Structures are given as structure tokens and as C-alpha cells.
Number of protein chains: 2
Amino acid sequence: MSGRLSRSGSGPGQRDILEAAAVAFTRAGYEATTIDDIADELGATKGRVYHYYRAKADIFLDVVLTGMEEMIAGVQPIASSTDISGADRLWRMVHHHAGLMMTRNSFQRVAVQAVEMHRLREHSTQKAALQKVITLRDEYEQLFADVIDEGKREGLFRDVDPRLATKPALGALNWISIWYDPDRGDYATVQRVAAEYADFIVNGLRRSRT
Amino acid sequence: MSGRLSRSGSGPGQRDILEAAAVAFTRAGYEATTIDDIADELGATKGRVYHYYRAKADIFLDVVLTGMEEMIAGVQPIASSTDISGADRLWRMVHHHAGLMMTRNSFQRVAVQAVEMHRLREHSTQKAALQKVITLRDEYEQLFADVIDEGKREGLFRDVDPRLATKPALGALNWISIWYDPDRGDYATVQRVAAEYADFIVNGLRRSRT
DNA sequence: GTCTATATGTGGATAGAC
DNA sequence: GTCTATCCACATATAGAC
């Protein structure tokens, strides 16, 4: 019932599969990716994959949760830094999010795919699994909504609905995983793009000084 | 070779299929949608569908191009209105784009899917078809880049790379097709959300008055 | 034009050798 | 733990009746 055999104690064999699966799912999407594709990417055959995972959906979920946890682990601490202003905190959260979209492109692209799927037809077993993904995403969005709310109280941000305002911000950010080509970007590019996104989003919320 | 039987002279029978396909593809995504799903949505069987289209990929492409042409038809004239400022033009372009994402959710969601696919593995026949989609998308992005460039020349916008600046803007907009639920939104909601997006994006580019 | 078969290929998952 | 061989379900597309 649980699907994957273990997520906490993942040995090296399992981690290799996870990496290969992230690449494969990024390349072709969940449905179009076959277990053979993942095995090919791994330089092995199906047998190896099925030794570690019982089903394709379980591999996918493992990639997705790995990506989401990595994102939360980086952004959560910034959101909690109450010593800096809401606007500055938001800038750093956006910058970090944008950076991960590029440096960890495959895992983050797959996580985005999972969020897109939640409105999709019941994938039988996956329906329950995707529910966990949506819960995580909602909590993540709330981190941004809270910081936006604080920016409003500080008088720095316009009078927006914080929850609605997270939509264009996170939409812009998540879209990076779609257009960004990890083969073309070096470190300087990543920094430049991340800064541009942070400026854009914080600026978009800032109250214009009349 | 051409695939679809006709796109210009689409009779009522063909248009019904297109609508049903848009809904079905929106619900489950391209790969997970079966021809039977489309036929069900239509209240018919496969036979009807295959009478008008030779292949699933052709139906998809027809939905996608319909959505993209509809978007371009609305935004292009605004982009060409040289009588109003670059900033105002951009505001209206964004407002219109956001509105269509909600009022024509299924067609636009499917068009976004196609754009997401272009990085995906060669879908054999589709590769060539998707190339046309990417060309259209590039031309569409250029409309925004040009207006942003004009806003810069007017001294209203910050010194951004216009082409890069279209990415967060269009990413935010396209993401609407993913989170917006057409069953929940009335006319007032659509107007409010579209205005918020337009404010957000134009504000994001605006030079802050120091 | 629309339906009901059906041919055909492919992919997820399992069994069992090594 | 990793492989090969195979089962089986399902989806695209076609053939042909009505």
C-alpha cells in the first residue's frame, strides 16, 4: 500500500534511480516516460528499477517530494527571519526559489509537473498521493502570503490580497523550470536571472511613491 | 502527411469535436487523454472522431493552434496601438491575456501544455508540428518585448533586458490556466484577477521614483 | 456519418534464472 | 541485486456494417 520501499533510508542504488528518473520525467513528462527510459538513463534494465520501487507512480512521487522538500528547506528559514523587513525577506525567498529552479532543474521541473496534475483526472492510486503534494504546496504558498502581508503592514506593499498575490509570483517562478535550459546557463547567468526575478516580483508589489 | 483534414473550413461537426477535445485534454493532459475520453465528452464513439481527424496528435494541434490564434487575435491589435504609451499598452495586453486564460480556460490550458512540451522528447510526428507552436510563441513574446522596450525608451520602465523580462510576465500569466477553476469564477472575479495581474506586471517593470 | 468490431503495438508489472 | 522473458491490460487506429 505504501508504494515505495523506503524514503528515509535511501541507499546509493536508490538515489541513482531517483536522479535518473528526475532526468527522464523532465525530458518527456510523467505519462510519456517509460520505465525503460528510466533504466536507459541509468544504464541498466527494468529489473533494477523494480527492485527499488513497486510502481512508476511511486518513483514519480519520490522525485516530487524530494524536490519540494529541498525547496522548502531553503525558503522556510528565510521566511522565518523576522529580523529583516518583509520586502527584503520576499526578495531573498524569490531569489532562492529562482536559483533552485535552475540549479536543480530536473527535480524542480518534476515537482511543478505534479502540481499541474492535481487538477487532472484521478490517476487512480495517485489521487491520494497528489493530495499530499497539494497540501505541501498550499503550505509553501502560505509562507509567501505571510511575508506579503507583513510587507503591507510595513507600508511597503500595495493593498493586495496576499493569497491572490502569490499566484503571479509563484507562477512566474515555476515557469522558469519550463523555459530554462540547464545546459546553457552558467553560474553568472543563474545569479543574474534570479536577481531579475526578485526585483521584478518585489517591485510588482511595492507601493509606488506618488 | 498534413494530418488534419481541414482547419479553415471546419464545419459544425468538427467544431464540436474540437470543443470536446479541449475539455478532455484540459482534464487529463495530452498523453493520458484517450480518444474514447474525447468521444465520451462528445456523447459519441471513436468512429465520429476518426471521421474528422486521422490522429490524436492532429486533434491536439488543432486545439492548440485555435487557442494561440485566438490569443494573438486579441493581443496583437493592442500591441499595435501606437497612440497610447508603452506602459498602458502593456497593461491592456496583460489584462486581455489574463482574461482569456480564464474565460477560454480549456483552449488556453491546452495551448500552454503544447508550449511546455517543446522541450520534451521527440514525439516523432509531433516534433515538426510543435516547431510551429514554438515559432508562434516566439512571435507572441516579441510583441511583449517590443512594448517593454518602448516603455524603457519613454523612461517609464527600468533598464531590463526586454526579452528576459517577458519570461516572468508570461510565466505568471500562463500559470493562470493551471490554478484557475472556471467553475468557480464569475465575471467580476475575472475582471478583478485580470486587473491585479496587469497592475502587478506593469508595476514590476516600472522605474521606482526615487 | 456514425457505429461496432478488431488488428496491432506498446508499456507496466511479475517470475524466475543467474 | 540485476538480468531476461513474459503476461496482460489498454489505447491508437482501421475495417467494414448500417
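In what follows, chains are A, B, ... by sequence order, proteins preceding strands, each numbered from 1. Nothing here was measured: the structure is a model prediction, and the numbers come from that model.
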Quiz item: Which atom pair, heavy atoms only, marks the closest approach of A/Ala87 to A/Val202?
Solution: O-CG2, 4.0 Å

Self-check item: A/Lys56 charged N/C atom sitting above A/Tyr30 aromatic ring, 6.0 Å / 45°
Solution: yes

Quiz item: Is there a donor-acceptor pair under 3.5 Å between the side chain of A/Lys46 and the backbone N or O of A/Ala39?
Solution: no

Quiz item: So, A/Asp146 versus A/Gln142: side-chain donor-acceptor pair below 3.5 Å or not?
Solution: yes

Quiz item: Which parts of nucleotides 2-18 of chain C does protein reach within less than 4.0 Å, heavy atoms only, written one letter per nucleotide 5' to 3' as B for base, S for sugar-phosphate only and - for none?
Solution: BBB------SBBB----

Practice problem: Please work out which of the three classes, parallel, tilted or perpendicular, describes the rings of B/Trp179 and B/Tyr197, given edges at 30° and 60°. | Solution: parallel

